[in-house]
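Here the structure is laid out as structure tokens; the discussion comes afterwards.
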Amino acid sequence: MEPTLPLFDEEPARPLADRLRPTRLEDVVGQDHLLAPDAPLGRMVAQQRLGSAILWGRPASGKRPSPGSSPTAAT
């Protein structure tokens, strides 16, 4: 019987961007104008009144969903 390689026993690694994506709002860097406690999204989070939003901008400008906004995010 041939030994199995650990390469095939484990799940494939998640992409780097997925592993580095913030999981909490406190971990988001560079969006204080939106996420600070007195900013629009910060107030919405504090009041637990989140709605839908359409994010528009050039490619690679940071339009990914915020932490916790995807159905697969940890709770």
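Just so you know, these numbers come straight off a predicted model, no measurement behind them.
Note that the NE2 atom of His33 and the CG atom of Asp38 stand 12.5 Å from one another [nearest 0.5 Å]. Interatomic distance, CG of Leu35 versus CG of Asp27, reported as 11.5 Å (0.5 Å rounding). The distance from the CZ atom of Arg43 to the CG atom of Leu34 is 10.5 Å, given to the nearest 0.5 Å. Atoms CG and CG, from Leu50 and Leu41 in turn, are 8.0 Å apart once rounded to the nearest 0.5 Å.
The environment of Arg49 atom CZ is sparse: at most 12 non-hydrogen atoms of other residues, nucleotides or ligands sit within 6.0 angstrom.
Evaluation of the side chain to side chain donor-acceptor pair (under 3.5 Å) rule for Asp18 yields Arg14, Arg21 as partners, not counting sequence neighbours.
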